[in-house]
Amino acid sequence: AQTVTQSQPEMSVQEAETVTLSCTYDTSESDYYLFWYKQPPSRQMILVIRQEAYKQQNATENRFSVNFQKAAKSFSLKISDSQLGDAAMYFCAYRSEMNRDDKIIFGKGTRLHILP
Amino acid sequence: EAGVAQSPRYKIIEKRQSVAFWCNPISGHATLYWYQQILGQGPKLLIQFQNNGVVDDSQLPKDRFSAERLKGVDSTLKIQPAKLEDSAVYLCASSPKAIAGYSYEQYFGPGTRLTVT
């Protein structure tokens, strides 16, 4: 069974600085998707960024980028120029390509604090 | 485009009572998910519907939890009777039907925070 591990329960970063959230996963599959979801205090979960395992190029979305290391099964999220609105819980998630049911497995999350 | 709607937003009940949550997915989304998110943990899938059929309910405690999605649109999740450990946020999400080679984003509702005393 696939697992997703986020080893940092909480992190803090100064506003305008860069922070990296870590995520590792375990799978025997070669085709899959990885996601980072953001859950602000209002609790509406939104997708931040996605990565297809077959793509070597790391995904980027404005100030958000990932470092995808397939062999190491590592998928970290880098937030550049941190803003107060980035404060939230961040969940790393995995979805198998083999299982067409679109089921997503979430990590336990990292709470990110932005210090003004 | 309207998002995923859930109600109520908050609910407090005593153990052994019953409770029901309602979810209205984004129009046209074939797949609907119910997640349980216990404080300090990531969401755990309880049940997944495709249209009005169940795709996966392997982690649904069927002795007390039930869910239905009549007509393939709205869905209700019921707990009867509730236990203290059911205190959590219940999230509903929806997405278009999955296709080979592409993973659609799941769109989440605001959740229902349940407190069982």
Side-chain angles (χ1 to χ4, degrees), chain A residues 1-10 21 23-25 27 29-55 59 61 75 77 88-111, chain B residues 1-6 8-10 23 25-26 29-51 53-60 88-114:
Chain A
Q2 296 85 15
T3 58
V4 176
T5 302
Q6 293 179 250
S7 59
Q8 306 152 315
E10 289 194 59
L21 309 184
C23 173
T24 59
Y25 58 95
T27 184
E29 300 172 342
S30 58
D31 294 324
Y32 48 87
Y33 302 87
L34 296 166
F35 309 88
W36 278 98
Y37 278 86
K38 172 185 178 182
Q39 189 177 42
S42 65
R43 295 213 167 261
Q44 194 109 20
M45 187 104 67
I46 57 172
L47 179 67
V48 174
I49 199 165
R50 86 169 77 219
Q51 175 81 41
E52 288 85 352
Y54 66 85
K55 290 186 177 179
E61 287 288 345
F75 183 61
L77 174 70
M89 282 289 287
Y90 286 82
F91 293 97
C92 180
Y94 171 101
R95 185 221 159 198
S96 168
E97 166 59 12
M98 291 180 62
N99 298 326
R100 301 289 166 78
D101 59 11
D102 219 22
K103 179 178 177 178
I104 292 180
I105 299 168
F106 288 88
K108 289 190 173 183
T110 297
R111 182 172 299 280
Chain B
E1 177 182 77
V4 176
Q6 289 189 249
R9 292 295 310 275
Y10 305 91
C23 173
I26 291 173
H29 281 190
T31 311
L32 185 147
Y33 314 79
W34 281 103
Y35 290 90
Q36 181 191 58
Q37 186 178 17
I38 293 173
L39 185 64
Q41 299 183 20
K44 182 186 82 171
L45 181 69
L46 291 175
I47 188 167
Q48 177 184 343
F49 293 94
Q50 184 128 302
N51 297 311
V54 175
V55 173
D56 184 352
D57 63 356
S58 57
Q59 297 195 84
L60 187 73
V89 174
Y90 291 85
L91 298 169
C92 179
S94 71
S95 71
K97 182 179 177 181
I99 59 173
Y102 187 79
S103 177
Y104 284 105
E105 175 181 352
Q106 290 188 17
Y107 294 82
F108 285 81
T112 297
R113 181 185 295 275
L114 173 68

Exercise. Output the distance between atom CZ (F106(A)) and atom NZ (K44(B)), rounded to the nearest 0.5 Å.
Key: 14.0 Å
Quiz item: Should P43(B) and Y37(A) count as side-chain neighbours, where that means a heavy-atom distance under 4.5 Å?
Solution: no
Practice problem: Applying side-chain contact (heavy atoms from CB on, under 4.5 Å), name anything that partners Q41(B), two or more places apart in sequence or on another chain. | Solution: I38(B)
Quiz item: Roughly how far, to the nearest 0.5 Å, is OG of S95(B) from CD1 of I104(A)?
Solution: 8.0 Å
Self-check item: By side-chain contact (heavy atoms from CB on, under 4.5 Å) - contacts of T112(B) (at least two apart)
Solution: Q6(B), P8(B), F21(B)
Quiz item: Below 4.5 Å, heavy atoms only, C-beta onward: do L91(B) and Q39(A) meet side chain to side chain?
Solution: yes
Practice problem: Check each of F108(B), Y107(B), Y35(B) against M45(A) using the side-chain contact (heavy atoms from CB on, under 4.5 Å) test, and report the only one that passes. | Solution: F108(B)
